[in-house]
Amino acid sequence: MQDITIRRPDDWHLHLRDGDMLKGVIGDTSRHFARAIVMPNLVPPVVTTADAKAYRERILAALPQGHSFEPLMTLYLTETTDPDDVQRGFESGLIRAVKLYPAGATTNSQSGVRNFENAMPVLERMAEIGMTLCMHGEVTASDVDIFDREAVFIETVLDPLRARVPELRITMEHVTTSDAVEYVKASTKNLAASITTHHLIINRNAILVGGVRPHYYCLPVAKREKHRLALRAAAISGDGRFFLGTDSAPHVDAAKECGCGCAGIYTSINTISCLAHVFEQENALDRLEAFTSLNGPAWYGLPANEARVTLRKHAEPLVFPAKIETGAGPVTVFDPMFPLHWDVVGSIA
Ligand code: DOR
Ligand code: ZN
């Protein structure tokens, strides 16, 4: 048996959905995480401060008894977002960031940005007030190969935007390529990146070898092995610009196991176990806390959590359910394809 104690983690990119799905998944996050940046891509999306306030109340109402958890709310950027509403939401402390989805990039992104020119007033205001833009960094042009969409985004959208509004703080979310890692490392200010658990574990073979495996399909799609290795190196480096954003994105099985399945991998329930395994494999358990609990709050200007959690390595593998049952239907749990021995003490009933 081996124990390590770290500050309680936060998740800097999470999909909680709404209604029965929210009720079914929230406990898997609040069991292990103190806070999470909650994505606004509901249907319809969370576009105003009033929408976010109501959504936050629904999240808090869905929390299991005895769990304490702080949802950090985001607004979904559209071409008609009102800069004054964004500023009021930010200054009131309710809104932590604005999320940019290029229109059509992923699940529920139809209302996203098509013409960046129309979003400039909001982006300029955010730069003035020190508010962070969370970016889904993929272009959507049909002539760009899906495996190249992140790299092309950096060159054609992100870099020009940073040159135009250098004071804008940007989180490149769920980076999946060595191009993104190198780009972040080369920056001198106002840029950071979140990395998911699953992108540290799978490459694109997981989706396609031996049959199509929809539960490994997400966006941005997992890339070649060399990219996974670059993400691992960044995550374990201790570099404050890289931190955990699980992008845990539940869809009911029926929406994934079909002719046109949704993107999204559900990892909230076993993320900490998976990460302890990855960091141990990399001989970097001493840097796990930086990735899960220190770098994210520092970037978002929040204190690290005072509470600590102990992770324990057991001789026998843990048993996680293959699926969780929610009122909306079953959701398949991410299978890392290796046995998990690390547990959060006191977390498994
Ligand atoms: O895989 C993903 N699922 N990527 C996203 O960007 C959105 C998310 C979702 O909402 O399901
Ligand atoms: Zn996401």
Side-chain angles (χ1 to χ4, degrees), residues 10-19 21-22 24-26 28-29 33 36-46 55 59 71-77 96-113 132-140 146-147 149-150 153 170-177 180 193-204 206-207 212-223 231 243-258 260-268 271 296 326 328-329 331-334:
D10 301 305
D11 185 348
W12 299 96
H13 180 130
L14 176 67
H15 297 269
L16 284 174
R17 316 300 190 203
D18 214 342
M21 182 63 94
L22 166 64
V25 300
I26 178 78
D28 286 345
T29 288
F33 294 90
I37 288 252
V38 180
M39 288 297 118
N41 64 333
L42 305 182
V43 189
V46 178
Y55 184 32
I59 294 168
L72 305 175
M73 306 310 292
T74 59
L75 294 181
Y76 185 116
L77 183 63
R96 298 292 171 166
V98 169
K99 173 72 188 238
L100 186 149
Y101 286 104
T106 187
T107 310
N108 305 336
S109 63
Q110 309 81 293
S111 329
V113 174
T132 303
L133 180 69
C134 293
M135 276 201 154
H136 183 110
E138 289 191 288
V139 293
T140 54
I146 190 158
F147 292 101
R149 288 179 171 198
E150 185 172 284
F153 182 88
I170 298 177
T171 308
M172 264 194 94
E173 301 206 277
H174 44 52
V175 291
T176 60
T177 57
S194 65
I195 302 178
T196 75
T197 305
H198 48 277
H199 288 114
L200 295 173
I201 295 174
I202 60 165
N203 62 30
R204 62 195 195 174
I207 313 163
V212 174
R213 297 177 200 277
H215 298 294
Y216 293 114
Y217 172 63
C218 65
L219 288 170
V221 71
K223 310 294 193 299
L231 299 175
F243 46 81
L244 174 64
T246 66
D247 199 10
S248 184
H251 291 278
V252 293
D253 284 350
K256 288 190 67 73
E257 298 170 1
C258 57
C260 182
C262 293
I265 299 182
Y266 185 66
T267 59
S268 294
T271 273
T326 76
V331 174
T332 291
V333 170
F334 175 63

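Since the structure is predicted, the reported quantities are computational estimates derived from the model, not experimental observations. As the structure lists them, so they are numbered: ligands from 1, and atoms in each ligand from 1.
Using a 4.0 Å cut-off to heavy atoms of L219, the atoms of ligand 1 that qualify are 1 (O), 2 (C), 4 (N), 5 (C), 6 (O). Against a heavy-atom cut-off of under 4.0 Å, C218 is close to the following atoms of ligand 1: 1 (O). Close approach of ligand 1 to H251 is summarised as follows: ligand atoms under 4.0 Å from at least one heavy atom of the residue are 9 (C), 11 (O).
With a heavy-atom cut-off of 4.0 Å, I265 does not touch ligand 1 at all. Counting heavy atoms under 4.0 Å from ligand 1, residue R17 touches it through the side chain alone. When non-hydrogen atoms are compared, ligand 1 lies under 4.0 Å from the side chain of H136 (C-beta onward) but not from its backbone. Residue contacts with ligand 1, taken as heavy atom pairs separated by less than 4.0 Å, involve A249 solely via side-chain atoms from C-beta onward.
The minimum heavy-atom distance linking F153 with P102 is given by the pair CE1-CG, 4.1 Å. Considering every non-hydrogen atom in both P220 and H136, the closest pair reads CD-CE1, 4.0 Å.
There is no side-chain donor-acceptor pair under 3.5 Å between T74 and K99. If you check the side chains of T171 and T132, you find no donor sitting under 3.5 Å from an acceptor. Residues T332 and D253 have side chains that bring a donor and an acceptor to within less than 3.5 angstrom of each other.
Within the coordination shell of the Zn ion (ligand 2), defined by N, O or S atoms under 2.8 Å, D247 is present.
For the pair NE2 of H13 and NE2 of H15, the angle at the Zn ion (ligand 2) is about 110°; rounding is to 10 degrees.
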